[in-house]
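Can you read through this structure? Questions will come right after.
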Amino acid sequence: MVQFPEHFRWGAGTYSYQVEGAANEDGRGESIWDRFCSVPGNILHGDSGLVACDHYHRYREDIGLMKELGVQMYHFSVAWPRIVPQGRGQVNARGLDFYDRLVDTLLEAGIEPYATLYHWDLPQILQDEQGGWGSRDTAYAFAEYVDIVSRHFGDRIHNWLTLNEPAVTAFEGYEDGIHAPGLRDSRLAWQTSHHFLLAHGLAVPIIRANGDARTRVGITLNFTALDPATDTEEDREAVRFLDGKLHRWFLDAIFRGAYPADVLAKLGALVPETQPGDAEIIARPLDFLGANYYTRSVVGRGNNDLVDFTSVRVDGAEYTAMDWEVYPQGIYDMLVRLHREYAVPHIYLVENGSAFPDVVEDDGRIHDPRRINYLREHLLQVHAAVAQGVPLDGYSVWSLMDNFEWSLGYSMRFGIIHIDYATQKRRIKDSGYWYRNVIANNGLR
Ligand code: FCB
């Protein structure tokens, strides 16, 4: 029996654009993801979040399912365009009403809400009028929106995450162009990374001021285990830069108050513009860090060593439907590193999970042994990290239910609950029942 500490919390996550649907209801404004999805070729099969899992209308049923599984915390995000459809100014009361219903129903069910304030759905108008996160003004617009939301919910939501995965949205949205707003401009991408961090730092004291003694603030960063494709100096250097770009750039700014010198040196003309005082704003103390982990990349140097990297498949390794290597050891290494190198006070694992091509059997069951195995192997590593003294307070599975997986649309199923998109029927997968036992036992048998 592998037993987790008594204070350990178990959760599940979904995020606004991936599950809510109701994109044109109750005064919601257009987001950059609505616009991005409307361009043919951007999303597999032309999918979009227009309907998604219809969570906007079915949240009661979904919370009922969480209760059935014994889920103790729910990670969700608030959609900025529902609250302030024009990005700044006028507040849409019907947007707040939805999250009132959601949060109150969660609390009635005894489930702790963990709210992320930005999971990639920027109001489109801020993209059109000021270039989105390329503009410093967007960080200030974010702070205004955060003030509205945290003031309204400060009495009921005690755990807040400012941003989800700024590295992904900066580089996939502004450099690779595979996420909204679909731009390909490295200089701009690095500039947005600074504005994301600034937005985060500006939001921290606002959330605290609108809360009470129970209020805790963090940010969610993503981590990928990285190894060099060969033992050459070039490949090891590529890994060092990629680790700097995806991880240390954000960790150092937040927990050490400065961007890493080796990354700055390499960026040259791509170094973002900053203003005096920004570093202090970004490094404001946090209560916890949210960490996401899925996989490892084995990489080497590409043609442009700031942007592309060669990637190799590992012989004999297992890969998920995303083509992501199953590499449980990486979650352990990440946790130990956050503890030893950054002395992060408290950590939550906000996302960890896997996509597989699930099939509904004739009896209505979904047998997903590979997902169970993935979760089990990762949880064993998580437990080993806790045993090493890593201050980990909880684990949340991605995802509560199948949902809109960004540029891959509905083709990727990450849920422990299956969604039949034609009927919106929910079915708990075998992994969901398995997770229910983990929660009930606070450990693995
Ligand atoms: C993370 C995202 C989340 C989900 C998973 C698979 O990067 O935060 O929305 O798409 O990947």
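Counting starts at 1 for both ligands and their atoms, following the listed order.
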(Q) Aromatic contact between H378 and Y374, with the criterion being ring centroids under 6.0 Å apart: yes or no? (A)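 That pair passes the under 6.0 Å test.
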(Q) Between R28 and D34, does any NZ, NE, NH1 or NH2 come within less than 4.0 Å of an OD or OE carboxylate oxygen? (A)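 Salt bridge between D34 and R28, a charged N being under 4.0 Å from a carboxylate O: yes.
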Q.
Please state which option from M412, E351, E405 has its nearest heavy atom closest to atom 8 (O) of ligand 1.
A.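 When every heavy atom of M412, E351, E405 is considered, E351 comes closest to atom 8 (O) of ligand 1.
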Q: Describe, in one word, how the ring planes of F171 and F250 are oriented to each other, choosing from parallel (under 30°), tilted (30 to 60°) and perpendicular (over 60°).
A: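 Answer is perpendicular, since the angle exceeds 60°.
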Q: Could you check whether the rings of F142 and Y145 sit parallel, tilted or perpendicular, using 30° and 60° as the cut-offs?
A: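 If you compare the ring of F142 with that of Y145, the planes turn out tilted.
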Q: Considering heavy atoms of the protein only, find what lies nearest to atom 5 (C) of ligand 1 and give residue, atom and distance to 0.1 Å.
A: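 For this ligand atom, the closest protein heavy atom is Y294 OH, 3.3 Å.
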Q. Is the Lys NZ or Arg CZ of R256 less than 6.0 Å from the centre of Y342's six-membered ring, within 45° of the axis?
A.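 Checked: cation-pi criterion met.
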Q | Heavy-atom proximity to atom 9 (O) of ligand 1, best of H75, E172, E165, Q18 | A |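 Considering heavy atoms of H75, E172, E165, Q18, the nearest to atom 9 (O) of ligand 1 sits in Q18.
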(Q) Could you check whether any heavy atom of H119 sits closer than 4.0 Å to an atom of ligand 1, since that is the contact criterion I want to use? (A)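 A heavy atom of H119 does come that close to ligand 1.
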Q: Identify, by atom number and element, the atoms of ligand 1 in contact range of F414, meaning under 4.0 Å from any of its heavy atoms.
A: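 Atoms satisfying the 4.0 Å criterion: 6 (C).
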**Q.** Which of the ligand 1 atoms, numbered from 1, are nearer than 4.0 Å to a heavy atom of N164
**A.**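 Numbered from 1, ligand 1 contributes 8 (O).
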Q. Any nitrogen or oxygen of Y15, main chain or side chain, under 3.5 Å from a nitrogen or oxygen of ligand 1?
A.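 Between Y15 and ligand 1, no N or O pair is found under 3.5 Å apart.
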Q) Applying a strict 4.0 Å limit to heavy atoms, is N222 in contact with ligand 1? A)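 It does not; every heavy atom stays at 4.0 Å or beyond.
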Q. Atom OG1 in T14, atom CG in D62: separation rounded to 0.5 Å?
A.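 One gets 8.0 Å once the value is rounded to the nearest 0.5 Å.
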